[in-house]
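Here the structure is laid out as structure tokens; the discussion comes afterwards.
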Amino acid sequence: MQDFVSLIPDIDELILYVQNKLLKELRKKYYQVLDNVEREILELRVKKFTNEDIAKQLGYKTQSAISKRLAKMRKKFDELIKEISEQLD
């Protein structure tokens with residue numbers, strides 16, 4: 001029979017596990033608050049596309065529209081973080 005201490009997870013492993021779970025949930029919730037165009041912009045940004053490249057890909061004349069969308073997306077992210085923080089308090 002294993003001794004009790006060996007059953008206790010390493011604290012670093014436990015912290016990593018919790019962090020990964022929280023990040024996964026945060027990504028899921030953030031994706032839910034984005035509209036379809038914002039999701040597409042996010043996916044292109046993750047692929048390292050520039051604002052100019054994203055504008056071209058999505059059929060915008062200038063990158064200005066993408067910059068405005070990104071600002072709205074940042075605001076949505078900040079609001080989500082605030083909401084989650086309040087739930088944890």
Side-chain angles (χ1 to χ4, degrees):
M1 185 159 109
Q2 286 185 324
D3 123 314
F4 178 73
V5 174
S6 68
L7 296 175
I8 300 172
D10 178 41
I11 191 69
D12 291 333
E13 287 179 31
L14 184 59
I15 289 169
L16 271 175
Y17 174 79
V18 171
Q19 284 176 334
N20 287 334
K21 285 286 193 180
L22 289 171
L23 286 173
K24 186 176 181 179
E25 188 63 25
L26 177 60
R27 276 190 222 110
K28 179 181 167 186
K29 287 185 179 216
Y30 183 53
Y31 204 77
Q32 289 172 346
V33 300
L34 298 177
D35 65 33
N36 290 338
V37 174
E38 291 168 338
R39 288 184 193 125
E40 198 166 350
I41 291 169
L42 178 62
E43 290 171 12
L44 293 171
R45 289 294 293 189
V46 168
K47 293 177 183 176
K48 306 290 186 199
F49 279 57
T50 65
N51 288 4
E52 185 177 350
D53 293 336
I54 295 169
K56 287 177 186 174
Q57 180 93 9
L58 299 181
Y60 290 95
K61 292 180 182 180
T62 67
Q63 66 177 349
S64 174
I66 302 304
S67 296
K68 289 175 185 174
R69 285 277 194 158
L70 285 168
K72 287 181 185 179
M73 292 167 65
R74 283 185 201 101
K75 184 176 179 181
K76 287 181 179 184
F77 185 78
D78 290 343
E79 289 169 357
L80 182 60
I81 292 295
K82 182 180 177 185
E83 177 186 319
I84 291 170
S85 295
E86 289 171 354
Q87 290 174 0
L88 293 175
D89 286 340

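Here, residue 1 is the first one in the sequence, and each next residue gets the next number. Side chains are part of it too, since the values below use all heavy atoms of this structure and drop only hydrogens, waters and symmetry mates.
- Residue Lys76 holds its NZ atom at 8.0 Å from NZ of Lys72, rounded to the nearest 0.5 Å.
- Taking CD1 of Ile15 as the reference point, atom CD of Glu13 lies at 11.0 Å (rounded to 0.5 Å).
- Atom CG of residue Leu70 and atom CD1 of residue Ile54 lie 6.0 Å apart, to the nearest 0.5 angstrom.
- Within a 6.0 Å radius of CZ in Phe49, more than 12 heavy atoms belonging to other residues, nucleotides or ligands are found.
- Taking 4.5 Å as the limit, every side-chain heavy atom of Glu83 sits out of range of all side-chain heavy atoms of Glu79.
- Contact detail for Val33 and Glu38: the closest heavy-atom pair is O-OE1, 4.3 Å.
- One distance of note links CD1 of Ile66 with NZ of Lys56; it measures 12.5 Å at 0.5 Å rounding.
- Between Asn51 and Gln63, the closest heavy-atom pair is CB-OE1, 3.4 Å.
- Considering only residues two or more places apart in sequence or on other chains, Thr50 meets the side-chain contact (heavy atoms from CB on, under 4.5 Å) condition with Glu52, Asp53.
- Rounding to the nearest 0.5 Å places CG of Leu34 at 6.0 Å from CG of Leu42.
- Residue pairs meeting the side-chain hydrogen bond (donor to acceptor under 3.5 Å, both in side chains) criterion with at least one partner in residues 15-33, sequence neighbours excluded, are Tyr31-Glu43.
- Residues meeting the side-chain contact (heavy atoms from CB on, under 4.5 Å) test with Val37, sequence neighbours left out: Asp35, Ile41, Leu58, Tyr60, Arg69.
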